[in-house]
Structure formats: C-alpha cells, structure tokens
Peer 1: 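Below is the structure I would like to discuss, written out as structure tokens.
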Amino acid sequence: AAAFAPAATNNGAAVATQPTTTTALSLSSATEAAPFTQGPRVIRDELPIVYVYDHCPFCVRVRLALGIMNVKHNVHFLGNDDIATPTKLVG
C-alpha cells in the first residue's frame, strides 16, 4: 500500500498531494551496458535475395536480423500491386 504524505494547506484550503511510493527503479543500481560489437562479415558466393514490402513489420525484422548478423544480402522491394512476383515465388 502506498503511504500518503500529509495534506498541505494553502491559506486554510487543503491541497492534494501525490502518494509517496518506492519504485523498483529507485532501488536498483544503474549498470552500464556493454557496447555492441558486430561479428565477422558473412558473404556467400550467391547472395540471398530478400523480397520485402516497405510497410511490412515482419520484413523489417528480417532485415534487422540480417544486419545484426552482418550477412550481406540483396533487397528487392515489392510494390503493393505486384501480384506476379509473390505468386512466382510461392507458386
């Protein structure tokens, strides 16, 4: 339960006060994170092609993962009205 500070008065009128609580953030000690070090560059003989939509969050995740893993790849952006390319890829 939160402990409340006593109500202050302003010329006889009560003023609302915030409850005083102890948070986990104030109890934890701040530690500094280790800097990110990128691994060795991965370059295949045949570069993978990543087909992406600009607005797709899942496509962004794949590109982010390839970037973090330092994998060289080609990106092919698909238009919203491009029906032939995804159909050709999936069948």
Side-chain angles (χ1 to χ4, degrees):
F4 286 92
T9 59
N10 186 7
N11 294 336
V15 177
T17 58
Q18 296 288 334
T20 57
T21 59
T22 305
T23 62
L25 183 61
S26 64
L27 297 177
S28 67
S29 61
T31 58
E32 192 169 323
F36 175 74
T37 56
Q38 196 164 22
R41 182 77 168 181
V42 177
I43 303 175
R44 301 177 128 202
D45 293 335
E46 187 176 336
L47 294 179
I49 301 172
V50 180
Y51 294 89
V52 298
Y53 291 103
D54 257 347
H55 62 277
C56 176
F58 303 105
C59 299
V60 172
R61 288 181 183 185
V62 170
R63 293 179 62 202
L64 179 68
L66 289 172
I68 289 174
M69 292 172 29
N70 207 10
V71 176
K72 187 173 174 82
H73 60 281
N74 289 329
V75 178
H76 182 83
F77 289 96
L78 298 171
N80 289 340
D81 58 350
D82 184 4
I83 297 171
T85 304
T87 304
K88 181 180 71 173
L89 292 171
V90 176

Peer 1: Any chance you could measure His73, atom NE2, to Arg63, atom CZ, to the nearest 0.5 Å?
Peer 2: 6.0 Å
Peer 1: How close do Leu78 and Pro86 get, heavy atom to heavy atom, and via which atoms?
Peer 2: CD1-CG, 4.3 Å
Peer 1: Run the side-chain contact (heavy atoms from CB on, under 4.5 Å) test against Glu46 and tell me which residues pass, sequence neighbours left out.
Peer 2: none
Peer 1: Give a yes or no answer on whether the side chain of Asn70 reaches the backbone of Gln38 with a donor-acceptor pair at less than 3.5 Å.
Peer 2: no
Peer 1: For Arg61, is the CZ atom crowded, meaning more than 12 foreign heavy atoms sit under 6.0 Å from it?
Peer 2: no
Peer 1: Can you establish whether the number of heavy atoms outside Ile43 located under 6.0 Å from its atom CD1 is more than 12?
Peer 2: yes
Peer 1: What about Leu89 and Tyr53, same hydrophobic cluster or not, with Ile/Leu/Val/Met/Phe/Trp/Tyr joined at side-chain heavy-atom distances under 4.5 Å?
Peer 2: yes
Peer 1: Which heavy atom in Val42 sits nearest to a heavy atom in Met69, and how many Å separate them?
Peer 2: CG2-O, 4.2 Å
Peer 1: Tell me, please, which residues at least two apart from Tyr51 pass ring pair (Phe, Tyr, Trp, His ring centres under 6.0 Å).
Peer 2: His76
Peer 1: Write down the atom of Asn80, the atom of His55, and the distance for their closest heavy-atom approach.
Peer 2: OD1-CE1, 2.9 Å
Peer 1: Taking only residues at least two apart or on different chains, which pairs with a member in residues 81-91 satisfy side-chain hydrogen bond (donor to acceptor under 3.5 Å, both in side chains)?
Peer 2: Asp82-Thr85
Peer 1: Between Val50 and Phe77, is there shared hydrophobic-cluster membership here, with clusters defined by ILVMFWY side-chain heavy atoms closer than 4.5 Å?
Peer 2: yes
Peer 1: Starting from Leu66, can I reach Val52 by hopping between I/L/V/M/F/W/Y residues whose side chains sit under 4.5 Å apart?
Peer 2: yes
